[in-house]
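Throughout, a chain's letter reflects where its sequence line sits, starting with A, and its residues are numbered from 1.
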Amino acid sequence: MKVVFMGTPEFALEALKALSTEHEILAVYTKEPKISGRGNKLVKTPIHIWAESHGVEVRTPKTLRQEEEQKKFAALNADIAVVAAYGLILPRPILDAYPLGCINIHASLLPRWRGAAPIQRCIEAGDKKSGVTIMQVAEGLDTGDMLMKGEVTITPQTTGGDLHDKLAQLGAELVVKTLNNIDKIIPEKQDDALSCYAAKVEKEESNIDFMMPAAQLCRKIMAFSPYPAIFFEHNGERFKILRANLAKNENIPTGNVLQKGLQLFIGASDGAIEITEIQRQGKKAMSTVELLRGYQF
RNA sequence: CGCGGGGUAGAGCAGCCCGGUAGCUUACCAGGCUCAUAACCUGGGGGUCGGAGGUUCAAAUCCUCCCCCCGCAA
């Protein structure tokens with residue numbers, strides 16, 4: 001099939017790679033390079049870099065609202081467009097440009113967790129499973145008809161990063177499968193009554209909230225690990241918490257950070273958590289045991 | 001030129017400002033003590049102090065350039 005791929009972050013890359021092995025990628029749409037990172041350098045998206053190194057045309061319009069862009073899109077004459085965390089809204093003319101329309105790879109079991117940050121929000125909420133939904137793109141936010149789903153389980157040890165990687169992989173497999181069976185798949189409507197929204201992750205959220213119940217704090221830490229990561233401040237330094245679990249038998253005052261031998265605890269509102277993986281500012285991530293060999297709280 | 005931290009024994013850190021051939025914790029090895037819930041005591045091995053120049057009688061420590069890692073901001 002002739003495919004136009006639209007995506008931006010790392011999450012989309014697996015899908016693009018998988019599609020490229022079985023289908024023809026006519027062009028790639030991605031966000032334009034932006035000033036980012038140390039030194040404020042112009043950084044291209046992972047999709048952009050991959051496409052360039054594989055000789056695929058890259059397009060980086062700021063918006064698809066203009067008729068001119070829409071015509072250029074349609075002129076590619078693809079069979080279908082595959083979208084994965086692209087970041088731009090697709091207007092009607094784009095959705096209707098190709099015979100098979102646009103399908104999206106969404107990192108949740110829709111209709112649960114529509115929106116921007118399904119990976120983090122489902123762990124934070126304590127869901128026992130998550131997955132990927134391949135769906136038709138509609139005008140509403142992640143409301144289109146579903147074509148295919150795949151599940152993965154979430155354990156208390158699953159971090160946002162772990163889930164991200166698994167879902168990216170799963171999404172890649174499913175989207176290929178979807179394209180190969182597109183004529184046999186019967187689209188399934190979403191039950192709006194079961195939907196919920198995964199709010200964008202805001203910067204302020206990564207500042208630790210000691211008033212949270214311990215269990216919830218743990219989930220949030222795992223959900224936000226490794227990025228953006230929950231942090232606390234101590235001795236004027238910032239420490240990212242990358243992994244934590246409930247500390248049942250510890251009684252630590254809310255908001256206190258307590259070192260006990262080679263263990264590190266933090267008091268939440270109704271109990272304590274033990275930090276097991278941590279990153280001191282300016283340092284690499286390491287197990288708490290390693291840090292405590294040389295650093296005293 | 002966005003702001004900043006760091007690269008020192010296997011691991012984690014101190015020392016650097018106020019130059020004088022390196023220290024702590026842990027791990028490892030040996031011996032001792034002994035049933036200790038981070039067991040303890042004694043002894044021991046292990047380091048081109050990221051790389052290259054420079055200043056100096058002398059540089060991990062001061063100066064210059066380079067490489068690598070990371071936090072913040074966006």
Pairing nucleotide - C28(B), Watson-Crick or G-U, each distance under 3.5 Å: G44(B)

How far, in whole Å, is A9(B) from C28(B) if one measures between their C1' atoms? 11 Å

So where does chain A start and stop touching RNA chain B, 5' to 3', when the test is distance under 4.0 Å to a non-hydrogen atom? G2(B) to A74(B)

Please tell me whether D127(A) and W113(A) have a donor and an acceptor in their side chains that are separated by less than 3.5 angstrom. yes

Distance, P atom - from A22(B) to C72(B), rounded to whole angstrom: 38 Å

What contact category does R280(A) fall into here, base, sugar-phosphate, or nothing, at under 4.0 angstrom with non-hydrogen atoms? sugar-phosphate

Could you tell me if N181(A) and K184(A) have a donor-acceptor pair between their side chains, going purely by distance under 3.5 Å? yes

Give a yes-or-no answer on whether the side chains of Q190(A) and D145(A) include a donor-acceptor pair shorter than 3.5 Å. no

Let me spell it out: for each of E290(A) and G282(A), pick the nucleotide of RNA chain B with the closest heavy atom. Which residue's pick is nearer the 5' end? G282(A)

For atom P, what is the distance between G43(B) and G7(B), given to the nearest Å? 30 Å

Looking for any heavy atom pair under 4.0 Å, which part of the strands does K34(A) touch: base, sugar-phosphate only, or nothing? nothing

Are F232(A) and F210(A) an aromatic pair, judged by ring center distance below 6.0 Å? no

Mind checking the P distance from C63(B) to U55(B)? Whole angstroms is fine. 15 Å

Using Watson-Crick or G-U wobble geometry with both distances under 3.5 Å, which nucleotide pairs with U56(B)? none

Rounded distance in Å between the P positions of A38(B) and A27(B): 13 Å

Describe the nucleic acid contact of K41(A) in one word from base, sugar-phosphate, nothing, applying a heavy-atom distance below 4.0 Å. nothing

Stacked cation flag R280(A) on F239(A), 6.0 angstrom / 45 deg: no

5′-ward residue of the pair R238(A)/K260(A) relative to RNA chain B: K260(A)

Please give the distance between the C1' atoms of G15(B) and G19(B) as a whole number of Å. 13 Å

More than 12 heavy atoms from other groups under 6.0 Å of NZ on K149(A): yes

Using the test ring pair (Phe, Tyr, Trp, His ring centres under 6.0 Å), find all partners of F265(A) that sit at least two apart in sequence or belong to another chain. none

Counterpart base for C72(B), defined by Watson-Crick or G-U wobble contacts under 3.5 Å: G2(B)

Could you check whether E237(A) gets within reach of a base, just the sugar-phosphate, or nothing at all, counting any heavy atom under 4.0 Å? nothing

With rounding to the closest Å, how many angstrom separate the P atoms on C17(B) and U25(B)? 24 Å

Between G44(B) and G50(B), how far is it from one C1' atom to the other, in whole Å? 29 Å

